[in-house]
Undergrad: 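The structure under discussion is supplied below as C-alpha cells; questions concerning it will follow.
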Amino acid sequence: MMDGWSSKRPVGLSSFRAKFILVVGGAVLFDLLVSGGLALWNVQRLSRDATLEVGQGLEAASQEYIRTYADSTAAQVNLLLRQVHNDVDTLAGVLQAQIDNPVRNSDVGAAIARTSPDSVSLSYDEKGKWSQNAPGSASVVSVWGYLLGEDHQPKPEIRRDIETSAVLDLVAPSLLQHGASKLQMYYIGPRERPIFRTAPYTDQAQTFDRLYPGHNEADFWNFFFPGLYESWQGWARDMKTRPVADDITQTAPYTDAITGKLIVSFFHPLWTADRKDVAGTAGADITLDQLAQTVENVKVAQSGFGFLAMSDGNVVAINGTGEQTLGLRSASGASGTGVTGLERSLKGSAQPAIAKLALDREQGIQHLLLQRDGNEVPYIVIVKKLPATNLWSSGPVRQEAMLLGVVVPEREIDASLYAAQAKISEATNRIVIYQILAILMSLLIVTIAVFAASKRITSGISALAGAAKRIQAQDYSVRVAITSKDEVGAAGEAFNRMAEQISYHTENLEQLVEERTAQIADQKEEISALNAQLQRENRRLGTEVAVAERIQLMVLPLQQELEEFQDIEIAAYMRPAEEVGGDYYDVLKNGRRLKIGIGDVTGHGLESGVLMLMVQSVARALQEAGNTDAVKFLADLNSALFKNIVRTKIDKHLTLAFLDYDGREMILSGQHEEVVIVRANGEIQRVDTMDLGIPIGLDADISAFIKTREITFEKGDLILLHTDGVTEAANDSGEMFGIERLCSEALRLKGQSAEKVVSGIVATLMHFIGSQKIYDDITLLAVRHR
C-alpha cells in the first residue's frame, strides 16, 4: 500500500521535490524572463525604429509639403502680378497705338467728345485751382492749375490730351471688370502735360488736395514720383539700362491718395512716336489687400501663415497672426499725407531670429526659435524669391525681387508625427503590458504545473523513501503502490520484490541458520574424517619415505670400503634436498679394478630415489658379473633401467658417468657434469663429458653414443666428481656457487686428504648457501692419488 504519510510531509528545502521545483521552476522562469525580455526589447526596438522611420517620413513629407505650398503660393502671387502686368500692357498698348497714330488718336478723341461730353468737359474749381470733369463719366480727368490758361481753361495741347485720353473710357472699364482684380486704371500725361485720367470715376483732385497739399502748384511727376520719369527717359535713350528687361515698373507699397488704401502701382511708360522720349504712362493700382489676400490665404496646419516682403525686408503682405508672430512693427498707416510708404521691416523685428534672417538668398527650410508667450517655440520658415521686376520707391528705378515666406510652427507640422509617435507609443505600451501579463500568466500556469508535476513525480519517490525508512525500522510488511509505468514505477516494483525477499528471509532466518549450522556440522565432520585419513596417509607415506631413505643410505658405500685402496683416497658427501634424493654415487671393487660412479636422476623424491636404487643395484650386479668393458657396462645398465622405467612408468632419466681404474690407467665414460682434475703441480683440468654418452633411460640402446676417455692420474693428483646440486646451489642473492668457485676451492685444498678436501668444499658451499633453501640434491666425491 502507498506510504501516505510520506506524501503529506511538508516540502523542505532539502527535499527532492523542493529541489525539483527550484530547478525546473528556475529554468522555466529563466526561459520566460529571457524570452519575455527579448520580446520586450524587440518591441521597444521596433517601436523606436518605427517612430524613427515614421518621423523621418513625415518630416520629409511635411517639408516637401511646405516647399510645394510655398512654390504654389509664389506661383499664385506671380500669376496675380502677371495678370496685372498683362492688363497694364493691354491698356498701354491701346494708348501707345493712339500716340503712334496722331490722326486716328484725334478722330477717336473727337468722337468720344461728341458721344461722351462728360468725359472731356471740365469745370474749374476755385478752391483747388484745378479743373476736373463732373461725375457721370467712366473716368475722372484732373488738370492741375499750372496746366490751365488764364481763363482757367486747359491749354490747347492739354485739351487734345483730355480728348485723346478719353479712350481710357473705352478700355479701362472692361479691364477693370475682367482679369486680375484692380483698384483703378489710369493714364498720366507726359511731364509737360501730366493730366491724370483715372477709371473708375473718383473725387481725385479733391482727395489730392486733402492728402497732398501743394501738389497743384508743383510738377506732378517730381512731386509724386521723383526720379521715375527720369529713369524712363534713360530707358528711351537705351533700353538696356532697364534693371529688368520689362517696361512694367512697380512701386513700393504706399497710401493711395484717392482710396486711402495701401496700394501698389504698376506703370507702363508710353513712348513718343519716335521712341526717343516719354509720352506719359498707363497704370493700374492693386491694393495690398489683394496681395495680402493671396498671401494671407496661406494656411499651413492650424496657425501657419505666409508673408510677402520686399528685398529690403519690408513686409508688404501678412496677416495679423503673422505680424504678431514675426514681431513686426508698423511705421505707417492709412492716415497721413502724400505718397506714404509702408515700413514694416523684418530687419526691425522684435524676434532676434527673424531680424537675422538672411534675405539675399533662398536657404530652403530653416528652423527658427521664436519667442511666444515667454517661451521659445520652434518654427519652420521657408523663403522664396519671386521673379525680379523694376521697382520705384524713390529716386531711380531699381531691380526688385520680392520674397514670399511661409512660416509654420513645427509642433503643428509635426502634429501628425507626434500623433503617430503617440499611437506607436500607445501600441508599444499596450503590447508591453500584454506581454508582461502573458509572462505573469505563464509564470502562474508554470508554477501550478510544476507543483502538480513535482507532486506527481516525487510522490512515488517519497513513498519509496518512506517505505525504505520503515524497512530500516524493521517493518518488513511495507509495500508501495505502483501508480505509474515509468522508472519510478519500476523502482517501486523492485522495492516490493526486495521487501518480499527481505520479509521472507527474515521470517525464515532461524530455520535457515539451523539448516546452515547442520550443513556446517556435516561438512566439519567430513573434513575431520578427511583430515584423519590424510594423517594416516601422511604417516604411511612418511613411513615409506623413511624406509626409502633408509634403504638409500644403506646402499651407499661404507667408510671402510672407501679406505680399502692403498694408492688412492676416496671421500664422498651426499645431501638429498628431500627425505629421498635422486643423486647416485657408488664405489665398486672387483679385485684390483675399481669403478666409481656418479649420477643425477631428474627431480628428487621417492620416484627419483627408487630409480637411484635401481641404478645402484644394476651397476653392482654388472660389476659382480665381471663386466669390465666400460661401454658395454653403460649400455647394459641403460638397457636394464629402460625396461624397468617402462614397466614402472616412471617418467624420469638420469645422467651417469663412471671412472674405471685398474691401478695404472683411469678411464672415464658416460655423460654427466664436468670432471675436475687438480694436478699435483696445481694445474686445473676440466673434462667435459657431453660427448661420452647420453642420459640413461631415454632409449633402449645407447651403445652407439657411449665413448670413453683415458685420464692421466699421477701421484698427488685429485679428481672431483659432483652433481649439479653443487654448482647450481644459490645464495640469498640468487648467485650460484658455480664450477669456477668449485675449482678454486679444490685448488685451495689440493694438498690435503680427500676427506678434508670434501669437508672443506662442503663447508664453503654451506657457508655460501647460508639460509637459502637447498632445492637440489648435493653430491661430491674426491679421489686423490696417494
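These numbers come from the heavy atoms of this one structure, side chains and all, not from hydrogens, waters or symmetry mates. From a predicted model like this one, the values you see are computed outputs, not experimental measurements.
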Undergrad: Using modelled atom types and a 3.5 Å cut-off, is there a donor and acceptor pairing between side-chain atoms of R784 and backbone atoms of K750?
TA: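 Yes, the answer is positive, given that a donor and an acceptor are paired below the 3.5 Å cut-off.
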Undergrad: May I ask you to check whether over 12 heavy atoms, not counting those of Q566, lie within 6.0 Å of atom CD?
TA: no
Undergrad: For the backbone of D724 and the side chain of D776, can you confirm whether one donor and one acceptor N or O come within less than 3.5 Å of each other?
TA: no
Undergrad: Is it the case that R516 and Q519 place a side-chain donor and acceptor less than 3.5 Å from each other?
TA: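 The criterion, which ignores hydrogens and geometry beyond distance, is satisfied for Q519 and R516.
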Undergrad: Any cation-pi pair here, K595 with Y661, using under 6.0 Å and within 45°?
TA: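 Negative - K595 is either too far from the ring of Y661 or too far off its axis.
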Undergrad: Between Q671 and G693, is there a donor-acceptor pair closer than 3.5 Å when you use the side chain of the first and the backbone of the second?
TA: yes
Undergrad: Just verifying a value: how many Å separate F658 CZ and L594 CG, rounded to the nearest 0.5 Å?
TA: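 The CZ atom of F658 sits 12.0 Å away from the CG atom of L594.
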Undergrad: Looking at CG of L780 and CG of L765, how far apart are the two atoms once the value is rounded to the nearest 0.5 Å?
TA: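 If I round to the nearest 0.5 Å, the distance is 8.5 Å.
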Undergrad: Would you call F565 and V587 a side-chain contact if the rule is heavy atoms closer than 4.5 Å?
TA: yes
Undergrad: Backbone N or O of I739 within a donor-acceptor pair of the T727 side chain at under 3.5 Å?
TA: no
Undergrad: In this structure, are over 12 heavy atoms from other groups packed under 6.0 Å from E537 atom CD?
TA: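 Yes, CD of E537 has more than 12 neighbouring heavy atoms, counting only those of other groups under 6.0 Å.
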Undergrad: Where the side chain of E569 meets the backbone of A754, is there a donor-acceptor pair that is under 3.5 Å apart?
TA: yes
Undergrad: Checking M666 against I719 for the side chain to side chain contact (heavy atoms under 4.5 Å, CB included) test, could you report, in this order, the C-alpha distance in whole Å, the side-chain angles of both residues, the deciding distance, and whether it holds?
TA: CA-CA 11 Å; M666 179 75 76; I719 296 176; 4.0 Å; yes
Undergrad: How close do L637 and A619 get, counting heavy atoms only, and between which atoms?
TA: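 Heavy atoms only, the tightest pair is CD1-CB, 3.7 Å.
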Undergrad: Does any non-hydrogen side-chain atom of V610 lie less than 4.5 Å from one of T648?
TA: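 Sidechains of V610 and T648: no contact.
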Undergrad: Ignoring hydrogens and geometry, is there a side-chain-to-backbone donor-acceptor pair from D717 to F713 under 3.5 Å?
TA: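 The answer is no, because no donor-acceptor pair under 3.5 Å joins these two groups.
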Undergrad: Run I596 and V783 through side chain to side chain contact (heavy atoms under 4.5 Å, CB included) and show every step you take.
TA: CA-CA 9 Å; I596 303 172; V783 181; 3.6 Å; yes
Undergrad: Between R741 and E735, is there a side-chain N and carboxylate O pair less than 4.0 Å apart?
TA: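 Yes, R741 and E735 are salt-bridged.
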Undergrad: Answer whether the closest heavy-atom distance between the side chains of L721 and L659 falls below 4.5 Å.
TA: yes
Undergrad: How long is the straight-line distance from CE of M612 back to OG of S617, given to the nearest 0.5 Å?
TA: 9.5 Å
Undergrad: Would you list the pairs meeting ring pair (Phe, Tyr, Trp, His ring centres under 6.0 Å) in which at least one residue belongs to residues 566-591, sequence neighbours left out?
TA: none
Undergrad: Is it the case that atom CG in D651 sees more than 12 heavy atoms from other parts of the structure closer than 6.0 Å?
TA: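 No - once you tally the heavy atoms of other residues, nucleotides and ligands closer than 6.0 Å, there are 12 at most.
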Undergrad: When you check the side-chain N and O atoms of Q616 and D586, is any donor under 3.5 Å from an acceptor?
TA: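 There is such a pair between these side chains.
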Undergrad: Is there a donor-acceptor pair under 3.5 Å between the side chain of D699 and the backbone N or O of I702?
TA: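 Pair absent, no side-chain N/O of D699 close to backbone of I702.
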Undergrad: About how many Å separate CG of N590 and CG of N627, when rounded to the nearest 0.5 Å?
TA: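 Answer rounded to 0.5 Å: 10.5 Å.
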Undergrad: Given M766 and R575, is the side chain to side chain contact (heavy atoms under 4.5 Å, CB included) satisfied, shown in steps?
TA: CA-CA 11 Å; M766 293 299 122; R575 179 178 175 174; 3.5 Å; yes
Undergrad: Locate the shortest heavy-atom distance separating V757 from A782; write the atom from each residue and the value.
TA: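 Nearest pair, atom of V757 first, then A782: CG1-CB, 4.3 Å.
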Undergrad: Verify, without hydrogens or angle tests, whether H672 (side chain) and H722 (backbone) share a donor-acceptor contact under 3.5 angstrom.
TA: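 Present.
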Undergrad: Using 0.5 Å steps for rounding, measure from the CG atom of D660 to the CG atom of L668.
TA: 9.0 Å
Undergrad: Could you tell me the separation between the CD1 atom of I761 and the NZ atom of K756, rounded to the nearest 0.5 Å?
TA: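 Nearest 0.5 Å value for the CD1-NZ distance: 14.5 Å.
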Undergrad: Can you tell me if D31 uses its side chain to pair, donor with acceptor, with the backbone of A27 under 3.5 Å?
TA: no
Undergrad: Is there a donor in the side chain of T764 and an acceptor in the side chain of E745, or the other way round, less than 3.5 Å apart?
TA: yes
Undergrad: Any idea which heavy atoms bring L747 and G682 closest together, and the distance?
TA: CD1-O, 3.2 Å
Undergrad: Decide side chain to side chain contact (heavy atoms under 4.5 Å, CB included) for R497 and F495; before the verdict, give the C-alpha distance in whole Å, the side-chain angles of both, and the deciding distance to 0.1 Å.
TA: CA-CA 5 Å; R497 288 195 297 272; F495 178 85; over 6 Å; no
Undergrad: Do you know which two heavy atoms are closest between G670 and T689, and how far apart they sit?
TA: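 Minimum heavy-atom contact is O-CB, 3.5 Å.
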Undergrad: Which heavy atom of L781 sits nearest a heavy atom of A572, and at what distance?
TA: CG-CB, 3.8 Å
Undergrad: Taking all heavy atoms of A700 and all of N638, pick out the closest pair and write down the distance.
TA: O-ND2, 3.2 Å
Undergrad: Any donor-acceptor pair under 3.5 Å linking the side-chain atoms of R679 with those of Q685?
TA: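 There is such a pair between these side chains.
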Undergrad: Is it true that E740 and R686 have a side-chain N and a carboxylate O under 4.0 angstrom from each other?
TA: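 Salt bridge between E740 and R686, a charged N being under 4.0 Å from a carboxylate O: yes.
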Undergrad: Contact between K652 and T602 at the side-chain level, heavy atoms closer than 4.5 Å - yes or no?
TA: yes
Undergrad: Is it the case that more than 12 heavy atoms not belonging to E710 sit under 6.0 Å from its CD atom?
TA: yes
Undergrad: Do V687 and E674 come within less than 4.5 Å of each other through their side chains, counting heavy atoms only?
TA: no
Undergrad: Indicate whether any N or O donor in one side chain lies under 3.5 Å from an N or O acceptor in the other, for T723 and D600.
TA: no
Undergrad: Is it the case that over 12 heavy atoms from other parts of the model lie below 6.0 angstrom from the CG atom of D691?
TA: no
Undergrad: Heavy-atom distance under 4.5 Å between the side chains of N496 and M498, does that happen here?
TA: no
Undergrad: Please tell me if the side chains of I774 and I769 come closer than 4.5 Å, counting only heavy atoms from C-beta onward.
TA: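 Of all side-chain heavy-atom pairs linking I769 with I774, at least one is under 4.5 Å.
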Undergrad: For A438, is there any backbone N or O sitting under 3.5 Å from a side-chain donor or acceptor partner on S442?
TA: yes
Undergrad: Evaluate the side-chain proximity of L634 to L656: yes if any heavy-atom separation is below 4.5 Å, no if none is.
TA: yes
